[in-house]
Amino acid sequence: MRLRSAISLFIIILSACGTDSSPAPTPPAATTPSGLWTVAGVSGALVRLDPIQLVDTGKRIPASVLTTPSAGLATVSAVAFADDGTLWVASQDDSALLGFFPGTLGGSGVRTADVIISSNHGSLSAPAGLAFDRAGQLWVTNSGNGTIVRFDPAQLVSGAPTPAVTISGLSHPTGVAIDRVGGMWFTDRVANTVSRFTFGELARSGTPQPTVAIRSTGGSLSSPTGIAIDSSGALWVANAQTSTLASFGFDQIRDSGATVPRVLISSNVVGSMVFPEGLAFDSAGSLWVVSIGGELSKFTIDQLAATGNPVPSVHLRILGRVLFWGVALYPVPTGLPLN
């Protein structure tokens with residue numbers, strides 16, 4: 001009787017200790033560190049500034065510096081975030097796309113890319129710009145062979161996939177942005193133009209003519225590179241050659257022609273906007289501009305309202321890093337067109 005009681009007690013104790021087959025709790029997924037991300041060509045590194053470092057003017061040591069053996073990243077390197085927080089980088093020198101998962105982006109150090117997409121018969125040729133559309137499809141401008149290609153979400157795995165769509169017959173497409181209705185705007189730093197394809201023209205491969213092509217007038221577009229769209233639908237372009245920002249109002253970008261920018265911004269702070277390359281709007285509508293020399297400038301909505309040379313509301317010098325190209329904010333700002 002005592003043995004039977006002891007066995008019963010042992011069974012009760014085991015049950016209380018959770019010896020059933022219930023699965024263990026799933027650990028929380030890794031999250032992408034927030035802040036401003038860019039790429040420094042000298043040393044070939046992914047660089048992040050923490051949100052607290054973006055509040056006021058000064059010199060900054062990056063919060064994160066990641067190097068990678070997966071690509072050189074020495075010249076043009078566009079950056080863009082997917083919905084899941086994966087950071088995508090276009091390496092012009094390597095004609096490759098790199099994907100870094102959220103868990104790979106934490107801290108500083110050497111990181112091998114989680115995804116490497118290589119060229120397939122010119123599918124990637126000196127890629128210069130990246131943009132995701134609302135369907136999670138990745139668009140890439142190839143400045144090397146004058147094409148723009150689309151990779152569908154299922155194709156964003158390591159390998160050399162054939163693009164789902166290839167638009168060819170272009171000059172040197174550079175920056176790219178997607179507008180609210182699924183149209184695509186892209187700069188051409190050699191032709192000095194900003195052009196648009198409609199959603200329908202992007203549905204299949206071919207050599208369509210852009211629906212809208214804005215040409216330079218009086219140097220308004222001079223080696224245009226980065227491009228972004230604000231909440232009003234106005235188009236903003238970084239002119240690397242003249243170190244200016246040109247904006248075309250929503251009503252100005254419906255037709256082709258030599259259009260005079262509604263707003264032209266230059267800087268009166270030494271070094272703050274020399275050879276601007278990357279543009280990104282934040283959730284407050286302020287425009288962040290990254291320049292080749294390692295300078296980062298923020299212009300508020302009020303400062304962007306009229307032509308002039310305003311002092312940036314925030315002006316940062318990233319220490320020890322130069323040759324910056326693309327720029328992206330995470331979390332991705334809401335309430336703005338994709339860009």
- Query: Does a side-chain heavy-atom distance below 4.5 Å link V89 with V39?
  - Reply: yes

- Straight-line distance of S222 OG to N239 CG, nearest 0.5 Å: 6.0 Å

- Query: Between the side chain of N142 and the main-chain N/O of P173, is any donor-acceptor distance below 3.5 Å?
  - Reply: no

- Message: Donor-acceptor check, side chain of T225 to backbone of A238, threshold 3.5 angstrom: yes or no?
- Response: yes

- Does any non-hydrogen side-chain atom of L66 lie less than 4.5 Å from one of F100? no

- Rounded distance [0.5 Å steps], CG in L73 versus CG in L323: 12.0 Å

- Cluster check L245, F281: I/L/V/M/F/W/Y, side chain < 4.5 angstrom: yes

- Is any side-chain heavy atom of R262 less than 4.5 Å from a side-chain heavy atom of F250? no

- Task: May I ask you to test the L87-L46 pair for a side-chain heavy-atom distance under 4.5 Å?
- Result: yes

- Query: Any donor and acceptor pair, going by atom type alone, linking the side chain of N145 with main-chain N or O of G122 inside 3.5 Å?
  - Reply: yes

- Task: Verify, without hydrogens or angle tests, whether Q252 (side chain) and V260 (backbone) share a donor-acceptor contact under 3.5 angstrom.
- Result: yes

- Message: Taking atom CG as the centre, does D251 end up with more than 12 heavy-atom neighbours from other residues, nucleotides or ligands that are less than 6.0 angstrom away?
- Response: yes

- Treating Ile, Leu, Val, Met, Phe, Trp and Tyr as nodes and any side-chain heavy-atom pair under 4.5 angstrom as an edge, say whether I229 and I214 lie in one connected cluster. yes

- Query: K298 and L54: side-chain contact (heavy atoms from CB on, under 4.5 Å), yes or no, with the steps?
  - Reply: CA-CA 9 Å; K298 174 187 173 183; L54 305 175; over 6 Å; no

- Item | Co-membership, hydrophobic cluster, residues L105 and L49, 4.5 Å side-chain | no

- Within-4.5 Å side-chain heavy-atom neighbours: I318 and P62: yes

- Item | Under 3.5 Å: donor-acceptor pair, side chain of T67, backbone of A45 | no

- Will you find, in the side chains of N120 and S123, an N or O donor that is under 3.5 Å from an N or O acceptor? no

- Apply side-chain contact (heavy atoms from CB on, under 4.5 Å) to I292 and W325, showing your working. CA-CA 6 Å; I292 287 180; W325 306 98; 4.0 Å; yes

- Query: Do S232 and D230 have a side chain donor and acceptor closer than 3.5 Å?
  - Reply: yes

- Query: Where do F324 and R321 come nearest, in terms of heavy atoms and distance?
  - Reply: CZ-CB, 3.3 Å

- Query: Any side-chain heavy atom of T141 sitting closer than 4.5 Å to one from W139?
  - Reply: no

- What distance do F101 atom CZ and T86 atom OG1 have between them, rounded to the nearest 0.5 Å? 5.5 Å

- Message: For V327 versus V290, what's the shortest heavy-atom pair and its separation?
- Response: CB-CG1, 3.9 Å

- Task: Step through the shown structure and confirm whether more than 12 heavy atoms of other residues, nucleotides or ligands are within 6.0 Å of CG on L319.
- Result: yes

- Item | Nearest non-hydrogen partners of A128 and S143, listed with the distance | CB-OG, 4.1 Å

- Task: Run the numbers on F299 and V289 for side-chain contact (heavy atoms from CB on, under 4.5 Å), then give the verdict.
- Result: CA-CA 8 Å; F299 297 96; V289 185; 4.1 Å; yes

- Query: CG of L329 to OG of S283: how many Å apart, nearest 0.5 Å?
  - Reply: 8.5 Å

- Exercise: do E201 and T211 side chains pair donor with acceptor under 3.5 Å: yes

- Task: Indicate the atoms forming the closest heavy-atom contact of L130 with A80, along with that distance.
- Result: CB-CB, 4.0 Å

- Item | T68 side-chain N/O to S70 backbone N/O, donor-acceptor pair under 3.5 Å | yes

- Item | V115 versus L156, closest heavy-atom pair with distance | CG1-O, 3.9 Å

- Out of curiosity, S247 OG to W236 CH2, how far, rounded to the nearest 0.5 Å? 4.0 Å

- Message: Determine whether D188 and T193 satisfy the following criterion, side-chain hydrogen bond (donor to acceptor under 3.5 Å, both in side chains), listing intermediate values before the conclusion.
- Response: CA-CA 5 Å; D188 189 310; T193 57; 4.8 Å; no

- Message: Any side-chain to backbone donor/acceptor pair from T147 onto S168? Under 3.5 Å, distance only.
- Response: no

- Query: For the side chain of T38 and the backbone of G326, is there at least one donor-acceptor N/O pair under 3.5 Å apart?
  - Reply: yes

- Message: Test of understanding: clusters of I, L, V, M, F, W, Y form through side-chain heavy atoms closer than 4.5 Å, transitively. Do W288 and M273 belong to the same one?
- Response: no

- Is the backbone N or O of Q155 less than 3.5 Å from a side-chain atom of D152, with the two atoms forming a donor-acceptor pair by type? no

- Message: So which atom in P127 and which in V140 form the shortest heavy-atom distance, rounded to 0.1 Å?
- Response: CB-CG1, 3.6 Å

- Task: Test L221 against every option in V237, T259, T244 by the side chain to side chain contact (heavy atoms under 4.5 Å, CB included) rule and name the one that passes.
- Result: V237

- Message: Could you see if V314 belongs to whatever hydrophobic cluster contains L304? Use Ile, Leu, Val, Met, Phe, Trp, Tyr and a side-chain cutoff under 4.5 Å.
- Response: no

- Query: Would you say the side chain of F275 lies within less than 4.5 Å of the side chain of S291, judging by non-hydrogen atoms?
  - Reply: no

- Report yes or no: does T174 contribute a side-chain atom to a donor-acceptor pair with the main-chain N or O of H172 at less than 3.5 Å? yes

- Query: Say you draw a straight line from CD of Q53 to NZ of K59; how long is it, rounded to the nearest 0.5 Å?
  - Reply: 15.0 Å

- Item | Ring centres under 6.0 angstrom apart (F186, F197) | yes

- Message: Does either side chain, that of T300 or that of D302, offer a donor lying less than 3.5 Å from an acceptor on the other one?
- Response: no

- Task: For D179 and R196, run salt bridge (charged side-chain N to carboxylate O under 4.0 Å, His left out): C-alpha distance rounded to whole Å, both residues' side-chain angles, the deciding distance at 0.1 Å, then the answer.
- Result: CA-CA 10 Å; D179 62 28; R196 182 180 188 265; 2.8 Å; yes

- Derivation and outcome, side-chain contact (heavy atoms from CB on, under 4.5 Å), residues F81 and W37: CA-CA 10 Å; F81 281 103; W37 289 83; 3.4 Å; yes

- Heavy-atom side-chain proximity of S266 to S243 below 4.5 angstrom: no

